[in-house]
Visitor: 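Handing you a structure now.
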Amino acid sequence: PGNVIPGSMLNPIGVKTASFWPAPTSAAANYGANNFTAPTVIQDRADQVSGKLDHEFTSWLRMNLSYLHYGSTETGEQWYGNIATTDGWVLKRWVDATQANAIITPSPTTVVSVRYRYNRFPNDSRNVSVGFDPTTLGFSPELVRQFQAMQFPGFSLQDFNGIGGGGNSLTVFNSKNLFTSMSKFAGKHNFKAGFDYRRINQPF
């Protein structure tokens with residue numbers, strides 16, 4: 001009656017899930033037309049620290065160590081203003097870069113340089129609803145235990161915007177670099193030789 005589905009016929013999980021959709025901000029002109037618009041604020045933050053230590057062990061050996069850390073937090077658009085929003089993600093990136101460098105002068109005409117670098121840069125993407133308990137929507141604990149992550153489930157609807165969903169991922173990249181060089185001065189001549197090894201690990 002009145003083109004309204006009786007409440008007794010509504011799925012309680014669907015009713016609870018639908019409560020996370022925000023109320024319309026305008027009347028739709030036709031079926032499936034947009035009836036919700038909202039501003040969103042994206043907040044990003046980045047921090048960086050670095051340090052370096054130089055030391056002269058002997059007249060023919062000098063070394064230095066350096067370290068750099070960079071971290072950033074990027075957020076996706078949270079249109080709904082709650083944990084069930086679409087595009088609701090937080091991406092954390094950080095870089096730890098270390099370097100050790102040695103300069104050796106075994107004789108007044110010979111200079112040897114050895115440098116080692118190790119960089120690590122993880123990308124950690126998490127949905128804003130991570131930690132949400134799906135049993136609060138009415139799902140059984142037995143079913144929730146089979147979920148890959150504790151977060152708001154994703155629902156997609158034809159002709160309408162979905163709700164929830166979004167995956168989580170952690171990717172850790174790292175690189176290694178070993179560089180050596182030697183310079184030899186002999187009268188008016190200068191001889192140089194070196195070796196450069198680099199390895200970049202990119203998980204798939």
Side-chain angles (χ1 to χ4, degrees), residues 1-49 69-97 119-175 200-204:
N3 199 29
V4 177
I5 301 175
S8 60
M9 298 179 63
L10 296 177
N11 185 295
I13 296 179
V15 173
K16 184 68 175 180
T17 301
S19 67
F20 285 84
W21 264 292
T25 57
S26 61
N30 51 67
Y31 176 81
N34 182 36
N35 65 351
F36 175 77
T37 56
T40 181
V41 177
I42 300 177
Q43 296 182 343
D44 296 344
R45 175 175 177 171
D47 300 283
Q48 178 174 312
V49 295
H69 172 80
Y70 170 84
S72 67
T73 301
E74 306 170 22
T75 59
E77 298 158 321
Q78 301 185 25
W79 301 107
Y80 297 168
N82 58 47
I83 60 174
T85 186
T86 57
D87 295 327
W89 48 263
V90 177
L91 174 61
K92 294 185 178 181
R93 306 174 187 264
W94 64 93
V95 177
D96 293 301
N119 302 323
R120 185 175 182 271
F121 32 101
N123 287 342
D124 188 5
S125 179
R126 290 288 180 265
N127 189 277
V128 294
S129 68
V130 167
F132 176 82
D133 185 2
T135 61
T136 60
L137 296 177
F139 290 101
S140 68
E142 293 75 15
L143 177 62
V144 171
R145 280 194 289 267
Q146 301 179 46
F147 290 0
Q148 294 183 347
M150 292 291 288
Q151 65 181 64
F152 199 98
F155 297 87
S156 60
L157 302 176
Q158 186 175 359
D159 298 330
F160 294 95
N161 283 338
I163 193 170
N168 307 314
S169 66
L170 173 62
T171 307
V172 181
F173 305 87
N174 65 77
S175 65
I200 301 177
N201 295 325
Q202 178 178 348
F204 291 97

Visitor: L170 and P122: which non-hydrogen atoms are nearest, and at how many Å?
Guide: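 The answer is CD1-CB, 4.5 Å.
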
Visitor: With heavy-atom distances below 4.5 Å as the criterion, would you say the side chains of H69 and D47 are in contact?
Guide: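 Heavy-atom side-chain distance check fails, nothing below 4.5 Å.
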
Visitor: Mark yes or no for whether N11, through its side chain, and G14, through its backbone, hold a donor-acceptor pair below 3.5 Å.
Guide: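 Judged by distance alone, yes, a pair lies under 3.5 Å.
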
Visitor: For atom CG of L143, decide whether the heavy atoms of other residues, nucleotides or ligands shown that lie under 6.0 angstrom number more than 12.
Guide: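 Atom CG in L143 is packed in, count exceeds 12.
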
Visitor: May I ask you to decide if N168's main-chain N or O and N127's side chain share a donor-acceptor pair within less than 3.5 Å?
Guide: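 No, because the side chain of N127 does not come within donor-acceptor range (under 3.5 Å) of the backbone of N168.
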
Visitor: Which of parallel (below 30°), tilted (30 to 60°) and perpendicular (above 60°) describes F132 and F20?
Guide: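 Geometry flag for F20 against F132: perpendicular rings.
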
Visitor: How long is the span from the CH2 atom in W94 to the NZ atom in K92, to the nearest 0.5 Å?
Guide: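 If I round to the nearest 0.5 Å, the distance is 8.0 Å.
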
Visitor: Could you tell me whether a side-chain N or O of T75 sits under 3.5 Å from a main-chain N or O of Q43, the two making a donor and an acceptor?
Guide: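 At least one qualifying donor-acceptor pair exists.
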
Visitor: Take a 6.0 Å sphere around CG of N30 and say whether it holds more than 12 heavy atoms from other residues, nucleotides or ligands.
Guide: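 More than 12 within 6.0 Å, yes.
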
Visitor: Which distance, rounded to the nearest 0.5 Å, do you find between the CG of N119 and the CD1 of I200?
Guide: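 Atom-to-atom, N119:CG and I200:CD1 are 9.5 Å apart.
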
Visitor: Calculate, to the nearest 0.5 Å, the distance between atoms CD1 and OG belonging to I163 and S156 respectively.
Guide: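 One gets 12.0 Å once the value is rounded to the nearest 0.5 Å.
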
Visitor: Work out which heavy atom in P134 is nearest to a heavy atom in Q151; give both atom names and the distance.
Guide: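 Taking every non-hydrogen atom into account, CG-O, 3.6 Å.
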
Visitor: If we only count heavy atoms from C-beta on, is the R93 to E74 side-chain gap below 4.5 Å?
Guide: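 Yes, close enough: below the 4.5 Å cut-off.
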
Visitor: Has S129 got a side-chain atom pairing as donor or acceptor with F152's backbone, closer than 3.5 angstrom?
Guide: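 Pair found, side chain donor or acceptor close to backbone of F152.
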
Visitor: Rounded to the nearest 0.5 Å, how far apart are CD of Q202 and OG of S175?
Guide: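 Result: 12.0 Å between the selected atoms.
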
Visitor: Are more than 12 heavy atoms from other residues, nucleotides or ligands located less than 6.0 Å from atom CD of Q148?
Guide: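 It does not: Q148 CD has 12 such atoms or fewer within range.
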
Visitor: Quick check: do E77 and I42 have side-chain heavy atoms less than 4.5 Å from each other?
Guide: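 The answer is yes, as the side chains (C-beta and beyond) meet within the 4.5 Å cut-off.
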
Visitor: Does the ring centre of Y70 sit less than 6.0 Å away from the ring centre of F121?
Guide: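 For F121 and Y70, the ring centres are not under 6.0 Å apart.
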
Visitor: Rounded to the nearest 0.5 Å, what's the gap from CZ on F139 to NZ on K16? Could you check?
Guide: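 The distance works out to 12.5 Å.
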
Visitor: Would you say P153 and L137 make side-chain contact, with heavy atoms under 4.5 Å?
Guide: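 A side-chain contact under 4.5 Å exists here.
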
Visitor: Between Y80 and N161, is any pair of side-chain heavy atoms under 4.5 Å apart?
Guide: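 They are in side-chain contact.
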
Visitor: Between atom CZ of R120 and atom CZ of F173, what is the distance when rounded to the nearest 0.5 Å?
Guide: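 Rounded to the nearest 0.5 Å, the CZ-CZ separation comes to 12.0 Å.
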
Visitor: Without swapping roles, check the side chain of T73 against the backbone of D44 for a donor-acceptor pair under 3.5 Å.
Guide: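 No; zero donor-acceptor contacts below 3.5 Å.
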
Visitor: I'd like to know whether T25 forms a side-chain contact (heavy atoms from CB on, under 4.5 Å) with N35, so could you lay out the CA-CA distance, the side-chain angles of the two residues, the decisive distance to 0.1 Å, and finally the verdict.
Guide: CA-CA 6 Å; T25 57; N35 65 351; over 6 Å; no

Visitor: Checking T17 side chain against I13 main chain: does a donor-acceptor pair fall under 3.5 Å?
Guide: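 Judged by distance alone, yes, a pair lies under 3.5 Å.
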
Visitor: Looking at N123, is its backbone amide N or carbonyl O close enough to the side chain of T171 to form a donor-acceptor pair, meaning the two atoms are under 3.5 Å apart?
Guide: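 Not at all, since once roles are kept as given, no pair shorter than 3.5 Å links the two residues.
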
Visitor: Is it the case that the side chain of T136 and the backbone of D133 share a donor-acceptor pair, with hydrogens and angles ignored and the cut-off at 3.5 Å?
Guide: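 Between the backbone of D133 and the side chain of T136 there is a qualifying donor-acceptor contact (under 3.5 Å).
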
Visitor: Could you tell me whether the side chain of R126 and the main chain of S169 form a donor-acceptor pair under 3.5 Å?
Guide: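 Present.
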
